[in-house]
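Written out below as structure tokens is the structure these notes cover.
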Amino acid sequence: MSMRLCLLAVLGGAILLSVLNLAVPPASALHVPTYAISLAGKYLSYALLAVAVDLVWGFGGILSLGHAAFFALGGYAMGMYLMRQIGTRGVYGNAILPDFMVFLNYKELPLTWYGFDNAGYAILMVLLVPGVLALIFGWLAFRSRVSGVYLSIITQALTYALLLAFFRNDMGFGGNNGLTDFKDMFGIPLQADATRCGLLIATAVFLSGALLLARYVVTSRFGKVLIAVRDTESRTRFLGYRPERYKLFVWVLSAVMAGIGGALYVPQVGIINPGEFSPANSIESVIWVAVGGRGTLVGAVLGAVLVNFGKTVFTGALPELWLFALGALFILVTLLLPGGIMGLIGRPARRPKNVTPAAEPAE
Amino acid sequence: MTTPHHHHDTLLYLDGVSVSFDGFRALNALSLVLERGEMRAVIGPNGAGKTTMMDVITGKTRPDTGRVVFGKDTDLTRLDEPAIADLGIGRKFQKPTVFEPHTVWDNLLLALAGDRRPRFTLWARQSSEESDRIEAILKTIRLGDHRGRRAGDLSHGQKQWLEIGMLLAQEPHLLLVDEPVAGMTDAETEQTAELLREINGTRSVVVVEHDMAFVRALGVKVTVLHEGSVLSEGSIDHVSNDPRVIEVYLGR
């Protein structure tokens, strides 16, 4: 499946579902219910996270087991904006303070919440918060030449630390309940069918943009250096490259992408809570990429959508078995399908061979 | 006697360099002078410190004591690998390390001297000057017919040449070449000696090698290392008749 086909499926699929939701009467067999629209939007938000993971793991060799942290931070930034949009319509009718703050006896808005009534500021934070955290984390880690399993472990620690922090009520982000009960976004009611369809299409557009940007990056000369760093980092140093700069750029870009994914996810699922920081979420996102095919970008989208669709079906039928099924899937893919689904379909002719997953056995 | 580093033709001067790993003295007050334009062969038994010497020169290993002076007065022990590569010191490893998923062409493209910063490589377009340089190198390393092949699919000898080509593309003043003919056929070995002599026309070269026939074919000054310092130095005939060399190395 080529990049073009993937973009067509993502954008065309989102538009088709929206048309079937809005223009086809509910009585018709062709009608797509609104919950399915939001579900599709959720899958595509996850696909954005998967593309972000593939960018650093598939092309930079950085196995992040904490990428959901950036996704969740973008989600929280959006959630804070949506909370402030509620205004006096909250249970306590406070124009400034969100309900949970009134409940917890806050007298005034914490500094961290300033500005989030402004959509532009909130969007800026969606990009900046994950980006700056990634910049600081990456600068420290890559400069000290932390890599491989050690880096994976500290990314896991990062998301776990954020999980614990966001669980605390006195952090001011809603504690374990998180942020919910959103009413509208940019002044448009969030529950309206048209808004749901608009969000799905917006997610499809952002996902397509992320795919095209990621493809530009990995096929540029920068990308060739990045792949060289992934496979033989020390060799690139003796050629005069500074691998830490290449990793840092792609790491920050990836974190911002993940953040955008989170920001699109929150209005569509209607809630963000500290559970999104749980290490299992980050590991799941790596599994999506592995299932779809590491280092292919398109595979990340495919893996995210298919695994999450499977999760929806499976958790509906046998909820307690889902984690076992996911674990089994990961083991099977690792053992039998090192190239993922994309490896099974066969490498498209136009795709350069330089994206061969490193997981393939060396000849 | 004048101290070597004041000599204006000195390109590289190792001055009393010592390196220890967990009590093992890999280099023991090693001193070595390389003239500009010279080709030097470095031989010695396993563990003599040949690779550690390369590591010290290229910034991979920092010496415990001693100085490594490059050119007029640049102390390499204060710099890291990319900075040293930038000064014009290229290195070929014992085991050929090319970028396997990339084509032969792209391997050379990435090695070409030029801006290494991400802000440049993100937007870089291949210039006609770059293609011309790559074409010229492909000719030198005799891989013109393999330009589009994945480097990982090349034969062992071809990988060695590609790596030498990548060294050339860096346009270094000094090439450090670690066992270039290991695992090569006789014909390939001969061609490699020819290639190195060709390169030495414009650049200084240090070759670490085990293959005595190859060292003889190069016909250059030889330094014999033993237990981290210089045991003997001179022509191949001189060192191979040196009784100390015969005892520790050739006699075995």
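Residue numbering restarts at 1 for every chain, and letters A, B, ... go by the order of the sequence lines. Just so it is clear, the values below take in all heavy atoms, side chains as well, and ignore hydrogens, waters and symmetry mates. Remember, it's a predicted structure, so these values are computed and weren't measured experimentally.
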*Does any heavy atom of chain A fall under 4.5 Å from the side chain of Asn107(B), the backbone, both, or neither of them?*
neither

_Output field: ring centroids Phe120(B)/Phe222(A) closer than 6.0 Å_ = no

*Between Arg237(A), Arg235(A), Arg242(A), which is the residue that forms a side-chain contact (heavy atoms from CB on, under 4.5 Å) with Glu81(B)?*
Arg237(A)

*Where on Ala83(B) is there a heavy atom nearer than 4.5 Å to chain A: the side chain, the backbone, both, or neither?*
both

_Part of Arg119(B) within contact of chain A (heavy atom distance under 4.5 Å)_ = neither

_Ignoring hydrogens, what is the shortest heavy-atom contact between Pro101(B) and Asp231(A)? Give both atom names and the distance._
CG-OD2, 2.9 Å

*Specify which of Thr232(A), Val217(A), Leu226(A) makes the most heavy-atom pairs with chain B at under 4.5 Å.*
Thr232(A)

*asked:* Measuring from atom CZ of Phe238(A) to atom CE of Met166(B), what distance do you get when rounded to the nearest 0.5 angstrom?
replied: 13.0 Å

*Grab the two heavy atoms, one from Tyr246(A) and one from Arg117(B), that are nearest each other, plus how far apart they are.*
OH-C, 3.7 Å

*Judged by atom type as modelled, is there a donor-acceptor pair below 3.5 Å linking the side chain of Tyr241(A) to the main-chain atoms of Pro118(B)?*
no

*So which of Val225(A), Thr236(A), Ile227(A) actually passes side-chain contact (heavy atoms from CB on, under 4.5 Å) with Leu110(B)?*
Val225(A)

*Could you check Leu239(A) against Phe99(B) for side chain to side chain contact (heavy atoms under 4.5 Å, CB included), going step by step and ending with a plain yes or no?*
CA-CA 12 Å; Leu239(A) 276 183; Phe99(B) 303 132; 3.6 Å; yes

*Measure across Gln126(B) and Arg221(A) and return the closest heavy-atom pair with its distance rounded to 0.1 Å.*
CA-NH2, 3.6 Å

*asked:* Less than 4.5 Å to any heavy atom of chain B: does that hold for the side chain of Phe249(A), its backbone, both, or neither?
replied: side chain

